[in-house]
Amino acid sequence: MSDRYDFKILQEKWPSRWSQSGLFKTSENRSKPKFYCLDFFPYPSGHGLSVGHLRNYVPTDVISRLKRMQGFNVLHPMGWDAFGLPAENYALKMGVHPTDTTAKNAANYRRQMDLVACSYDWDREINSTDPEYYRWTQWFFLLLHKRGLAYQAKGSQWWCPSCRTILANEQVEQGLCWRCESEVTKKDLTQWYFKITSYSERLIDDLKTVDWPENIKKMQENWIGKKIGAEVTPEHPFVEMLTHPDNKTIVEEYVADSKKKSEIDRLSAEKEKTGVPLGSFAINPFNDEKIPLYIGDYVLSSYGTGAVMAVPAHDERDFAFAKKYHLPIRQVIAAKGDEEKPFSEAFTEYGVLIESGEFSGETSECAIQKMCSWLEMKNLGKRKVNYKFRDWLISRQRYWGAPIPIIHCDFCGSVPVPEKELPVILPKVISKVDSWVKANCPNCGKSANRETDTMDGFACSSWYFLRFLDPKLKSFAFDREKASYWLPVDLYVGGAEHAVMHLLYARFWTKVMADEGLIPFNEPFARLRNQGMLLASDGQKMSKSKGNVITPDEMVEKFGPDTLRAFILFLGTFELEVAWSDDGIKGMHRFVNRVFDIVQEFPGGPNSAEGEKADELTRWIHKTVKVVTRDLESFSFNTCLARLMEFVNALSDFAKDPNIAETKLWREAIETLLRLLAPIAPFLTEELWERIGYKDSVHKETWPTWKEELLQENIAVVPVQVNGKLRDQVRIPVNFSDDDVRKECLKSERIVKYISGKTIVKFIHIPKRMVSFVVK
RNA sequence: GCCGGGGUGGUGAAACUGGCAAACACGUAAGAUUCAGGAUCUUAUGCCUGUAAUGGGUUUAGGGGUUCAAGUCCCCUCCUCGGCACCA
C-alpha cells in the first residue's frame with residue numbers, strides 16, 4: 001500500500017463501499033432528532049457545474065455530515081428544477097427534445113456532485129419535469145383556484161422579447177429580464193395570476209419568526225412596500241368620465257401620445273413631467289376649494305387608486321409639474337422654528353403645519369393622524385393601507401413548463417381540469433397541436449380548448465421541499481405525517497438573487513397549504529444563509545463567453561476532492577464574494593498532504609503521557625474541538641480550516657517528542673483530528689481511519705465533544721499596558737487576586753521603567769486578558 | 001434619492017460581550033535538500049526608524065468624540081458593492 005496521499009486510488013476505493021453500506025441514506029428512525037438540510041433547487045444547465053456552485057453544495061454537505069455525526073436524522077436531498085428556456089431553445093435549434101437534454105444535464109450535475117463527494121440520498125432525487133411531479137404542481141394550481149387565489153385578468157405586463165414571454169414583476173431587475181438581461185417592454189394580454197397580495201400582511205409579519213439574513217428580510221419587506229395613508233372619495237376617477245367635453249380632444253391625444261413612448265422613457269425619473277388638464281375639478285374636503293384635475297404621465301396607475309392629490313409645495317415631482325403648468329404652489333409645512341423662511345423649492349421633510357386652519361401648528365406626524373380622523377369622522381374618506389406589491393403573474397407563453405390545468409369553454413368560461421384527470425401532460429411536439437388543444441369541457445361536455453400557456457417555473461420550486469419526503473408517493477404530493485416530522489427545513493442555502501422571487505413565492509404557497517390544513521407550519525425555511533459569489537481569478541464573473549470558468553472536474557483531477565472541498569471553504573468569508581486563486585489551492589493541498597503524512601507516520605502508541613507537555617496537548621485537543629464545532633455551526637468555514645491548520649502545526653511540533661508521539665494521548669489527538677476533518681475531507685479521513693486500524697467508517701463516528709475544564713490554563717500570559725501602551729507580557733497564575741497581580745507586574749523592570757517617579761492613578765485588571773496602569 | 005452590506009498588510013482574510021490588530025494561508029526573501037526543474041523542510045515578513053535590543057515610533061478609508069483602553073461605541077465626510085426607484 002502506498003504511503004503517499006494518492007487521491008485517485010481513494011476515489012476508486014471508497015465510493016462503492018460507502019454506497020454498499022448505505023451510509024448516506026436517510027433513515028426514518030423517529031427516535032432521533034431530525035435535521036433537514038436543503039440547497040436551492042438547481043436548474044441543470046448544459047454547461048455543468050463550475051467550482052462556483054460548490055460554494056453552495058460543499059458547505060451544506062459539510063453541515064449534513066456534521067449533523068449525522070452529532071446523532072441527527074439528516075435529510076439532505078437533491079433534485080432538478082428542469083423546466084425552462086435553455087432546454088426549449090436548444091430543442092428548437094438542434095431538434096433534441098427537452099426531456100432528453102434535461103435528463104442528460106441532470107445526470108452530468110449528479111456525476112459532478114458525486115465527484116466532490118456530496119452525500120445526497122439519491123434515492124430521493126426528483127425532477128420537476130417528470131409528469132408524476134408536475135401533476136402535483138397542477139394540483140396546487142387547482143387548490144389555489146379553489147381557494148380563489150388564481151384568477152385571470154387583462155393588464156399591461158412585462159414582456160421579454162428575447163424569451164418571448166410575459167414575466168412577473170419580481171422577475172424584472174432594473175428594466176431587464178432576470179434570466180437573459182434583455183430590455184423588457186410592456187404588453188397587454190389576458191393572463192393568470194396568483195393572488196399573493198392577499199397574504200401581504202402575513203408575509204411581512206412572519207419574517208419575524210425566521211432566522212434569515214437581515215438584508216433578505218428587508219428586501220422582502222421593501223418589495224411588499226406597506227404604507228398607510230388616507231383615501232379620499234371619489235375612489236376612482238376614470239379619465240373619460242371626468243373629462244370635460246371641451247378638453248376631450250387634447251386628452252385623447254395625450255393618452256395616445258403617452259402610450260407610444262417607450263417604457264424606458266416613461267420610467268426615467270429625470271424625464272420632464274407632462275400632463276393636460278381634464279377641464280373638470282375636484283373639491284378639497286378640508287377647505288372646499290376647487291382643484292383642477294390633470295392627467296399626467298408621472299402618476300402610477302398601478303399603485304393605490306391611480307389618482308393622487310398633488311402637493312406641489314412638498315413634493316419635488318408635484319413641484320416641477322406645478323411650475324411647468326403655472327399651477328398655484330401653496331406652502332403648508334415649514335421647518336420647526338423657520339416658519340417665516342421664504343421658500344424656493346419643494347420642502348419634503350416633516351415639520352410644522354402652517355396656514356392649515358385648525359391643523360396649523362401641529363407637527364406633520366400629529367397632523368397626519370388628526371386629518372385622517374377628521375376625514376373619517378365626516379365620512380369623507382378613510383385610512384387606507386397600500387402595498388407596492390403586485391399579484392404574481394404566472395402565465396408563460398412557452399412550451400417547456402407545467403401546463404396550466406384549465407379548459408376554456410365558450411359556454412362555461414375557464415373550467416379547472418378535474419383532479420382525477422391530472423396530470424395534464426405536455427404534448428410531445430413543441431408547437432400547438434390541435435389534437436392536444438381540443439378537449440371537452442369538464443362542466444358541460446361541449447368541445448372546448450385547453451389553456452396553452454404554461455406555469456412560471458417558480459411554481460415548481462414553491463413546493464419541492466415537500467416532495468423529497470416521499471418522492472415516489474402516488475396518492476398525494478407529499479406524506480402529511482412525514483411533513484410534520486421533517487419540516488420546516490432547518491437549513492436552507494442558496495444565492496441571494498432569489499430574495500424576492502423564489503423565497504417569497506414558496507412562503508406564499510406554504511401559507512396557502514397551512515390554511516388548507518395540509519401542513520402544521522407557516523414558514524418553510526427556518527434558517528436561511530446565502531453564499532457569496534465565486535469570481536474568476538481575474539476578478540470577473542465566471543462565464544463561458546469570457547473563457548474563465550474553472551470546473552470541479554479539472555480541479556479534482558489535479559488536487560482531488562478533499563483538497564477542493566477544503567479550499568472552497570477556506571477561500572473566503574462564506575457570505576462574501578471572493579476571487580478564485582490558483583496558488584491558494586496549492587497551499588490547501590500541502591495541508592491535506594501534511595495531515596496524511598503525520599497520521600501515517602505517528603499512529604500513536606500504548607504509553608501514557610504525563611507532565612506539562614501532555615497537559616498542553618490535552619488543552620489543544622479540547623480547544624480545537626470547541627472552536628471547530630462553533631465555527632461550523634456559525635458558518636465560519638474559513639476560520640474552521642484555520643483552526644485545524646493550527647492544530648496540525650502544533651501536532652507537528654509535539655510529534656518530535658517521542659514521549660508524546662508514542663502515547664495514547666497522541667492517539668486521541670489524531671483520532672480527534674480525523675473526526676473533525678471527516679465532514680470536510682471524507683476520502684482522506686476515511687483512508688487514514690482504516691490505516692490506523694479501524695474496520696468501520698469514520699463517517700459513522702460520533703462528533704467529538706470537549707470538556708471546558710480541560711482547556712483552562714493555570715497560568716495566563718497577560719499583556720500589561722502603561723498609559724495605554726503595551727510594555728510587557730507577564731505570566732500570572734489565574735487564581736491571583738488583583739493585588740497579587742499588581743505586585744507581580746511591579747516586579748517587571750520593563751514596567752517599572754515607565755512607572756518610577758510617577759504616581760499610579762489607576763490600576764485595571766481584567767483576568768486573563770489585560771492589565772493597565774494609568775500614571776501621572 | 002431611499003434601504004441594506006462593505007472599506008483592515010503585496011494578496012485572500014482573522015479579531016466572541018470594547019481588552020496584545022494582522023490569527024490562518026497565499027506571495028516574497030534567505031537557507032537546507034536536489035544533477036536540474038519541481039516538491040518538501042527551516043527562518044523571516046504591516047509600515048517607518050534603528051545605536052541591532054528584552055529598542056523606539058506608528059498603523060484598521062478620512063476627520064472629530066467617549067474611554068485606562070476603540071477595527072469594534074457615538075457624530076461628520078469620502079469611496080464602494082447590492083436591492084428598490086416618479087409608490088406622493
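Chain A is the first sequence line, chain B the second, and so forth, proteins listed ahead of strands; every chain is numbered from 1.
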If a pair means Watson-Crick or G-U wobble with both distances below 3.5 Å, what does RNA chain B look like in dot-bracket form, with | marking bases paired to a different strand? (((((((..(((......[....)))((((((.......))))))((((.....))))..(((((..]....))))))))))))....
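- Summarising the geometry, the separation between CG on A/Asp738 and P on B/C68 is reported as 17 Å, rounded to the nearest angstrom.
- Closest approach to the A/Lys762 side chain among B/U58, B/C68, B/C84 is made by B/C68 (side chain taken as heavy atoms from C-beta onward).
- Taking syn as a glycosidic angle within 90° of 0, B/G7 does not qualify and is anti.
- Checking B/A88, B/C26, B/C3 against the side-chain heavy atoms of A/Val311 singles out B/A88 as nearest.
- The 5' end of RNA chain B is approached more closely, in terms of each residue's nearest nucleotide, by A/Ser581 than by the other of A/Phe773 and A/Ser581.
- Contact annotation for A/Gly587: backbone-only contact, meaning every heavy-atom pair under 4.0 Å involves sugar-phosphate atoms and none involves a base.
- Here, B/G83 and B/C47 have their C1' atoms 38 Å apart, quoted to the whole Å.
- Under the 4.0 Å criterion applied to side-chain N and carboxylate O atoms, A/Arg731 and A/Glu744 are not assigned as salt-bridge partners.
- For B/U58, one of the phosphate oxygens OP1 or OP2 lies less than 4.0 angstrom from a side-chain nitrogen or oxygen of A/Lys725.
- Comparing atom distances between the A/Lys388 side chain and each of B/C84, B/G83, B/G57 picks out B/C84 as nearest.
- For A/Glu497 and B/C84, the CD to C1' distance is 17 Å, given to the nearest whole Å.
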Scan the side chains in residues 717-729 of chain A for donor-acceptor partners under 3.5 Å anywhere in the protein, sequence neighbours excluded, and list what turns up.
residue  : atom : partner  : partner atom : Å
A/Asn723 : OD1  : A/Val775 : N            : 2.9
A/Asn723 : ND2  : A/Val775 : O            : 3.4
A/Arg727 : NH1  : A/Tyr754 : OH           : 3.1
A/Asp728 : OD2  : A/Ser748 : OG           : 2.8

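- Residues A/Asn649 and A/Arg727 each lie close to RNA chain B; by heavy-atom proximity, the contact nearer the 5' end of the strand is made by A/Asn649.
- Side-chain atoms of A/Phe359 and A/Lys370, non-hydrogen and from C-beta on, do get closer than 4.5 Å to each other.
- The phosphate of B/G56 has OP1 or OP2 within less than 4.0 Å of a side-chain N or O from A/Tyr754.
- B/U59 and B/C20 are spaced 15 Å apart, taking the C1' atom of each and rounding to whole Å.
- In this structure, A/Phe458 and A/His502 have parallel ring planes: the angle between them is below the 30° cut-off, well short of the 60° mark.
- Distance noted for atom C1' between B/U72 and B/U17: 11 Å (whole Å).
- Using a 4.0 Å cut-off between charged side-chain N and carboxylate O, A/Asp583 and A/Lys586 make a salt bridge.
- A/Arg594 places its CZ atom 11 Å from the C1' atom of B/U40, with the value rounded to the nearest Å.
- Closest approach of A/Gln157 to A/Leu167, counting heavy atoms only: OE1-O, 4.1 Å.
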Under a 4.0 Å heavy-atom criterion, the protein footprint on nucleotides 12-22 of chain B, written with B, S and -, is BSS-B--BB--
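- One interatomic measurement links the two molecules: CG of A/Leu535 to C1' of B/C81, which rounds to 11 Å at whole-angstrom precision.
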Stepwise salt bridge (charged side-chain N to carboxylate O under 4.0 Å, His left out) check, A/Asp653 with A/Lys656: CA-CA 6 Å; A/Asp653 265 350; A/Lys656 289 172 192 156; 3.1 Å; yes
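- Across all their heavy atoms, A/Ala168 and A/Trp392 have their closest contact at CB-CD1, 3.9 Å.
- For A/Asn222, the listed nucleotide lying nearest its side chain is B/C3; candidates were B/C3, B/G56, B/U58.
- Salt-bridge check for A/Lys226 with A/Glu221: failed, with every basic side-chain N at 4.0 Å or more from each acidic carboxylate O.
- Across A/Arg390 and A/Thr197, no two heavy atoms sit closer than the pair C-CG2, 3.4 Å.
- Of the charged side-chain nitrogens involved, at least one lies within less than 4.0 Å of a carboxylate oxygen, so that A/Arg643 and A/Glu646 count as a salt-bridged pair.
- Atom C1' of nucleotide B/C24 and atom CG of A/Leu569 are separated by 14 Å, given to the nearest angstrom.
- Rounded to a whole Å, the CD atom of A/Glu214 is 19 Å from the P atom of B/G83.
- Between B/C76 and B/C2, the distance separating the two P atoms is 13 Å to the nearest Å.
- With P as the reference atom, B/G12 and B/A23 are 15 Å apart, rounded to whole Å.
- The same atom, C1', is picked in B/A13 and in B/A25; the two are 9 Å apart, to the nearest Å.
- Taking atom C1' on both nucleotides, B/G71 is separated from B/G6 by 13 Å, rounded to a whole Å.
- The interatomic distance linking A/Phe591 (CZ) with B/C26 (P) rounds to 12 Å, in whole Å.
- Of the candidate nucleotides B/G27, B/G4, B/G56, B/G27 has the atom nearest to the side chain of A/Asp583.
- We find that CE of A/Met501 is positioned 12 Å from C1' of B/G83, with the value rounded to whole Å.
- Contact annotation: A/Arg4 does not reach the phosphate of B/A39 (side-chain N/O to OP1 or OP2, under 4.0 Å).
- When the P atom is used for both B/A61 and B/G10, the distance is 13 Å, rounded to whole Å.
- Residues A/Lys217 and A/Asp211 are not paired through a salt bridge, judged by the lack of any N-O separation under 4.0 Å between the basic side chain and the carboxylate.
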